[in-house]
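Read the structure below first, then the notes.
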Amino acid sequence: MAELVEVLLRVAVVLLAFLVVPLLVGQVEHKAMAHMQSRVGPMYAGGFHGWAQLVADGVKFVQKEDVVPAAADRTVFKMAPAVALLPYLVAMVAIPIGPGLVGQDLDIGLFFVVAVMGVGVVGTLMGGWSSANKFSLLGGIRVAAQLMAYELPFVLAAASVAMAAGTLSLTGIVEAWNPWWLLWQAPAALVFFVAGLAELQRPPFDIPVADAELVFGPYTEYGGLRFALFILAEYAGIVVLSALTAVLFLGGWHGPWEDQVGWLWTLAKTGLVAFVVVWVRVAYPRLREDQLQRLAWQGLVPLVLFQLAVTAIGVVVMSS
Amino acid sequence: MSFPGKGLLKGLAVTMRTMTKRSVTAHYPDALPELPPRSRGVIALIEENCTVCMLCARECPAWCIYIDSHKDTIPATTEGGRDKSRNVLDRFAIDFSICMYCSICVEVCPFDALHWSPEFEYAELDIRELTHEKERLREWMWTVPAPAALDEGAEPAKEITTAQKAAERQGRPTP
Amino acid sequence: MTVVEVLFLLLGLVAAGSALLVVTTRTMVHAALWLVVTLGAVAGIFLLLAAEFVAWVQILIYVGAVVVLLLFALMLTKAPTGPQPDLDARRALPAVAVAGLVLAVLGTTVVAGFHGVELDLDGAVVGSAQTTGATIFQQWVLPFEVLSVLLLAALVGAIVLSRGTGRRGGE
Amino acid sequence: MADYYTAYLPLLAILALGVGLVVAMFTSNRLLRPTHRTAEKMLTYECGVDPVGEGWAQSHVRYYVYAYLYVIFAVDAVFLFPWATVFGGLGWISVGEMGVFIGFIAVGLVYAWRKGVLTWT
């Protein structure tokens, strides 16, 4: 019985984190992006520098009308946001922030997280197709093309770190982590981060939602709460990607006084990576479709294959 | 020195530098904006100057000025003289939901009946309220600032020189 | 019946039911989406059978890649919403025959291969990534290498097919 | 094995909670939202212009090669994960085995590159 209570407690904490941390990232994006563009961003909601802006947005979204276009495929259209959102929630369960501080440590954690993250895109494709809108359809096609180009380097980069650690358990990977991985696994870290950005359709890889040509890509017909869920999925995706990058490549809870404040280290590193996600969005222009494909197939894939070879040699040399 | 990825790093550096600087946002409505002279906020009307020549309404590219008038006859002041007729303005309205602030009406008015006021806070919840009738346009006149002083050594306005010449002819001392 | 058995039955029902919907629905994209349900249920069955690694491969490859591939193909061609009357069942009989044949072959193989093998629910996990890896790379190296040749052949074939006929002068 | 099943219990729980969360969101939405359907509002959005034709168009199938390329490489990639957990103990021979495996696929990538499939036209 006590075990069941503990399980429920862990799961409740994960759910809470899922509801709060993406909003934090969103707020950071609001403010950091604004200041990077010499603006101030939201200032009113909540009083102090608009800290409650996203809460206010949520309250607004819940009250908005639920519009389903007449031409749309109603069932698929309505289900799509949930399908896009839930995979990230499930993925969060397996990400550890400290030794033992994890929703559930799975033996196969890394592979599990990577597999589950790939499911979210089905929700976006469902939305793109079911809207019966030309912009949405084109956006959907671009989402699929982008996912197929970047999922492979993403998975291969994850495989590289699994090889280095010799385990698929995320806790095990952090325990095997060593500061010199920062150098040894640097190409994999880069590929993982870039491919992850592309999978989340974050700028500069936001051609599926390129507003100047496709309005809002697959989400064009969405409004109100369903739109909010898609946006929440995007930010939850940033959190999962940042946390994974921190745990796999930046050593998770390793740092000074890790016995006492290890979890803080994980959170700080996650926050840092999330900030870089925002930073990159402001700094770079959108990639064109052909540049996108070239970067993936002729840049990241060869780079990560090279990294795999380096990792394999490194591991065997060190273990013998 | 040049190396691959230099441009990418430069991009990041620029945004980071901007972030550490103070933003340029004006905190309206907490701080009111400092508007330059001759800001185009709202158009004010001096009804008395208007002769219903209709130039403004005709020149308006957006057709947002509505003018109604009728003719009034003024009886002759001298015996056997002719009655005079005069245009009387019944309605003068500007629809600011259509107005594009091009300033053509102000420019073409031959009798200085239209002026720019820098007031801009006249948003409404109902679009029909944005059609300002002549009473409201008259009210805006009180917010029109005095014309800016002329540059040093500039020629005075034509009206003033003619007035001065007329005064000199009558032998009155000029101010 | 244990909880595992009940879940197994339920997932089996879901898999079979959604598989039926895949072939009977008249909307193409719905068929692809029902396939997601089928594959997800099969992944659940793998999980219950302690084939942990295979279960998540099922999600990664089939839901994340094959279904996306299908949806991509459907969106590249014309796939309007609503039922399509021209998706008729003229070839239903041969299709059922082929499906039955495949079922018979696969069923016989599985029964012949694993007949009488029981999953020891109290023992170690038999399908973890480690055991899978050890089995492949210690006992089944040759099939594994042959697989790479098969994949290469498929890749080259796809490229040749997509470029062979049709517009060649485009580039 | 008992541990194995309990390890997946939180997953089941979070999935149920997540579905519950979405349901709760939409229930509160149903209670709070106005509903005012008009024909114009339900129209497909095309920048304010009346929609022309159907929402579905055809594209060239050669983009499909990318999809195919991806599936093949994904199948290839999953083998790296079980291998990653054991190859440290198996040593150079195992690296060689995987090298041959990846090598074959890499030949495919080089072939695709040379054939110009990887240039998006």
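A, B, ... follow the sequence lines: proteins, then strands. Residue 1 opens every chain.
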Using non-hydrogen atoms only, which part of [X] is less than 4.5 Å away from chain A: side chain, backbone, both, or neither?
{"X": "D:Leu21", "answer": "side chain"}
{"X": "D:Val71", "answer": "neither"}
{"X": "D:Ala13", "answer": "both"}
{"X": "D:Arg30", "answer": "neither"}
{"X": "D:Ile14", "answer": "both"}

Against chain D, label [X] side chain, backbone, both or neither, depending on which of its atoms sit under 4.5 Å from a heavy atom there.
{"X": "A:Ala149", "value": "neither"}
{"X": "A:Leu292", "value": "neither"}
{"X": "A:Ala158", "value": "both"}
{"X": "A:Leu15", "value": "both"}
{"X": "A:Val215", "value": "side chain"}
{"X": "A:Leu305", "value": "side chain"}

Side-chain heavy atoms of [X] within contact of [Y], under 4.5 Å:
{"X": "D:Thr35", "Y": "A:Asp66", "answer": "no"}
{"X": "A:Leu89", "Y": "D:Leu17", "answer": "no"}
{"X": "A:Ile313", "Y": "D:Val95", "answer": "no"}
{"X": "A:Arg226", "Y": "D:Phe26", "answer": "yes"}

To the nearest 0.5 angstrom, please state how far the [atom1] atom of [X] sits from the [atom2] atom of [Y].
{"X": "D:Met25", "Y": "A:Leu229", "atom1": "CE", "atom2": "CG", "answer": "5.5 Å"}
{"X": "A:Trp297", "Y": "D:Phe73", "atom1": "CH2", "atom2": "CZ", "answer": "6.0 Å"}
{"X": "A:Asn133", "Y": "D:Tyr45", "atom1": "CG", "atom2": "OH", "answer": "9.5 Å"}
{"X": "D:Leu31", "Y": "A:Gln63", "atom1": "CG", "atom2": "CD", "answer": "12.0 Å"}

Sequence neighbours left out, what passes salt bridge (Lys or Arg N to Asp or Glu O under 4.0 Å) with D:Lys41? Give chain and number order.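 Scan of D:Lys41 (salt bridge (Lys or Arg N to Asp or Glu O under 4.0 Å), adjacent residues dropped) gives A:Glu65.
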Shortest non-hydrogen separation from [X] to [Y] and the atoms involved:
{"X": "A:Leu156", "Y": "D:Ala77", "answer": "CD2-CB, 3.7 Å"}
{"X": "A:Thr167", "Y": "D:Thr85", "answer": "CA-CG2, 4.1 Å"}
{"X": "A:Pro302", "Y": "D:Trp113", "answer": "CG-CZ3, 4.2 Å"}
{"X": "D:Leu80", "Y": "A:Met163", "answer": "CD2-SD, 4.5 Å"}
{"X": "D:Thr44", "Y": "A:Ala71", "answer": "OG1-CB, 3.8 Å"}
{"X": "D:Trp83", "Y": "A:Ala312", "answer": "CH2-CB, 4.1 Å"}

Pick from [options] with the largest number of heavy-atom pairs that fall under 4.5 Å of chain D:
{"options": "A:Leu8, A:Val67, A:Leu85", "result": "A:Val67"}
{"options": "A:Val114, A:Val62, A:Leu19", "result": "A:Val62"}
{"options": "A:Phe112, A:Phe18, A:Phe61", "result": "A:Phe112"}
{"options": "A:Arg288, A:Glu151, A:Arg10", "result": "A:Glu151"}
{"options": "A:Leu308, A:Leu168, A:Thr311, A:Thr220", "result": "A:Leu168"}
{"options": "A:Ile108, A:Leu110, A:Val7, A:Leu152", "result": "A:Leu152"}

Atom CG of D:Leu43 with >12 non-hydrogen neighbours under 6.0 angstrom: yes
Assert top hit (heavy-atom pairs under 4.5 Å, partner chain A, pool D:Leu32, D:Leu9, D:Asn29) equals D:Asn29
